[in-house]
Amino acid sequence: MPEGDTVWHTAHQLHAALAGHVLIRSDLRVPKYSTADLTGRTVLEVIPRGKHLLTRIEGGLTLHSHLGMEGSWRVYAPGERWRGGPGHQIRAILGTTDSTAVGYRLPVLELLRTTHEHKAVGHLGPDLLGPDWDPDIALRNLLRDPARALGEALLDQRNLAGIGNVYKSELCFLLRVTPWLPVGELTDDAAAQLPALAKKLLEANRDRLSRSTTGRRDQRLYVYGRAPRPCLRCRTSIRSADQGDGSRERPTYWCPTCQRGPTPP
């Protein structure tokens with residue numbers, strides 16, 4: 001599941017493959033941009049912003065993409081077989097003489113002026129893996145609505161950018177609170193730990209192919225995806241339930257013994 005660490009890793013792969021090179025192939029397979037031609041332009045850089053990717057291109061253009069739940073970018077050498085999925089799932093192709101970047105199942109793909117990037121990412125809170133990271137602002141954003149469930153607040157990219165469903169569950173476990181605990185009921189100590197702990201987890205995983213929050217090889221995650229297996233701390237069966245604001249429910253995992261706070265019936 002793509003989260004901030006996955007997007008950071010993807011951006012650095014794309015940057016290494018494309019930056020400084022002239023595009024000799026350009027194919028944007030979405031109706032609005034199907035006639036756009038980027039060939040002959042140099043890719044300047046590829047940067048991550050939370051869960052968003054910004055590919056900046058000569059001439060003041062930016063290709064903005066978002067991986068969503070199932071999207072990915074793959075980089076292939078000349079003659080290498082493309083293995084990211086069937087052809088009908090390809091949304092973008094950017095090719096140079098040395099490599100080809102192929103975007104699969106991208107729910108968001110748009111071409112905009114670089115000066116207009118704020119229209120795509122200006123709403124985001126501080127980026128956990130970005131140069132704008134500010135733990136104090138992130139914490140203030142989270143505490144702005146004290147009655148809101150912690151899990152929902154963590155997923156709101158306007159508060160802080162980069163946390164997805166996996167890290168939401170893992171962070172709540174490490175803080176020993178359920179994802180349904182109102183943010184305002186966090187202890188001062190837990191609230192103070194939260195921004196630094198979130199950043200530590202994403203930084204530790206941005207260069208890994210297999211995400212881990214436990215430091216163990218046999219069990220990489222504490223709770224996410226582990227129901228009804230035993231908790232790694234207390235051996236109680238991990239539980240799962242959907243959590244959301246009514247518009248989108250996401251599977252959420254917690255230990256009923258190790259984590260305090262409200263839970264679904």
- Message: Just so I know, are the side chains of R41 and L61 near enough to count as touching, which here means a heavy-atom distance under 4.5 Å?
- Response: yes
- Query: Taking only residues two or more places apart in sequence, or in another chain, which ones meet H116 in a ring-ring contact (aromatic ring centres under 6.0 Å, His included)?
  - Reply: none
- Residues passing the salt bridge (charged side-chain N to carboxylate O under 4.0 Å, His left out) test with D218, sequence neighbours excluded, are R216
- Item | Set of salt bridge (charged side-chain N to carboxylate O under 4.0 Å, His left out) partners for D132, sequence neighbours left out | R49
- Exercise: do E110 and H64 side chains pair donor with acceptor under 3.5 Å: yes
- For the pair W82 and Y76, name the ring-plane relationship: parallel under 30°, tilted 30 to 60°, perpendicular over 60°. parallel
- Message: Under a plain distance cut-off of 3.5 Å, with no hydrogens placed, do D37 and T39 share a side-chain donor-acceptor pair?
- Response: yes
- Item | Any donor-acceptor N or O pair under 3.5 Å, side chains S212, R217 | no
- Set of residues satisfying ring-ring contact (aromatic ring centres under 6.0 Å, His included) with respect to W8, sequence neighbours excluded: H12
- Cluster link L197 to L129, ILVMFWY, side chain under 4.5 Å: yes
- Of all the heavy-atom pairs spanning L14 and A101, show the shortest one and how long it is. CD2-CB, 3.6 Å
- So if you build clusters from Ile, Leu, Val, Met, Phe, Trp, Tyr with side-chain heavy-atom gaps below 4.5 Å, do V102 and L94 land together? no
- Item | Side-chain heavy atoms of L154 within contact of C172, under 4.5 Å | yes
- Message: For G20 versus T42, what's the shortest heavy-atom pair and its separation?
- Response: C-CG2, 3.8 Å
- Task: For the residue pair T252 and S169, confirm or rule out a side-chain donor-acceptor distance under 3.5 Å.
- Result: no
- Which pair of non-hydrogen atoms, one from L160 and one from A138, has the smallest distance, and what is that distance? CB-CB, 4.1 Å
- Query: Is it true that D5 and R211 make a salt bridge, defined as a side-chain N closer than 4.0 Å to a carboxylate O?
  - Reply: yes
- More than 12 heavy atoms of other groups within 6.0 Å of E70 CD: no
- Atom OG1 of T178 and atom CZ of R260: how far apart are they, to the nearest 0.5 Å? 8.5 Å
- Message: I want to check something: taking the side chain as every heavy atom from C-beta on, are D156 and N159 in contact at a cut-off of under 4.5 Å?
- Response: yes
- Item | Derivation and outcome, side chain to side chain donor-acceptor pair (under 3.5 Å), residues T114 and T62 | CA-CA 5 Å; T114 300; T62 294; 2.8 Å; yes
- Would you say T96 and L18 make side-chain contact, with heavy atoms under 4.5 Å? yes
- Message: Would you say that N141 contacts P126 through its side chain, given a criterion of any heavy-atom pair below 4.5 Å between the two side chains?
- Response: yes
- Report the C-alpha separation of L54 and V46 in whole Å, then their side-chain angles, then the decisive distance to 0.1 Å, and conclude whether the side-chain contact (heavy atoms from CB on, under 4.5 Å) test is met. CA-CA 6 Å; L54 301 172; V46 184; over 6 Å; no
What side-chain donor-acceptor pairs closer than 3.5 Å can you find for residues 84-92, not counting sequence neighbours?
residue, atom, partner, partner atom, Å
Q89, OE1, R105, NH1, 2.7
R91, NH1, H88, O, 2.9

- Message: Please determine whether the number of non-hydrogen atoms from other residues, nucleotides or ligands lying under 6.0 Å from atom CG of D188 exceeds 12.
- Response: no
- Item | CZ on R233 to OG1 on T257, rounded to 0.5 Å | 11.5 Å
- For the residue pair W180 and W254, does the interplanar ring angle fall in the parallel (under 30°), tilted (30 to 60°) or perpendicular (over 60°) class? perpendicular
- Message: Are the side chains of L63 and L28 in contact, using a 4.5 Å heavy-atom criterion?
- Response: yes
- Message: Could you go through W73 and L67, starting from their C-alpha distance and side-chain angles, then the distance that decides it, and tell me whether this counts as side-chain contact (heavy atoms from CB on, under 4.5 Å)?
- Response: CA-CA 8 Å; W73 278 94; L67 302 183; 3.9 Å; yes
- Task: Go through the side-chain N and O atoms of E170 and T213 and say whether any donor and acceptor fall under 3.5 Å apart.
- Result: yes
- Report yes if the side chains of R158 and H123 come closer than 4.5 Å at any heavy-atom pair, otherwise no. yes
- Task: Any chance you could lay out the side-chain contact (heavy atoms from CB on, under 4.5 Å) test for V7 and E3, step after step, and finish with the verdict?
- Result: CA-CA 6 Å; V7 175; E3 302 197 19; over 6 Å; no
- Message: How close do P256 and T236 get, counting heavy atoms only, and between which atoms?
- Response: CG-CG2, 3.6 Å
- Go through the steps for L181 and Q259 under the test side-chain contact (heavy atoms from CB on, under 4.5 Å), then give the verdict. CA-CA 10 Å; L181 182 79; Q259 294 171 254; over 6 Å; no
- Message: When you measure from the side chain of Q13 to the backbone of T10, do you find a donor-acceptor pair of N or O atoms at a distance under 3.5 Å?
- Response: no
- Item | Heavy-atom pair of closest approach, residues P2 and M69 | CD-O, 3.2 Å
- Message: Are L174 and Y222 packed together at the side-chain level, in the sense that at least one heavy-atom pair is separated by less than 4.5 angstrom?
- Response: yes
- In terms of side-chain heavy atoms, does Q219 have a donor or acceptor partner in T214 at a distance below 3.5 Å? no
- Task: Return the set of residues passing salt bridge (charged side-chain N to carboxylate O under 4.0 Å, His left out) with R74 (not counting sequence neighbours), or none when no residue passes.
- Result: none
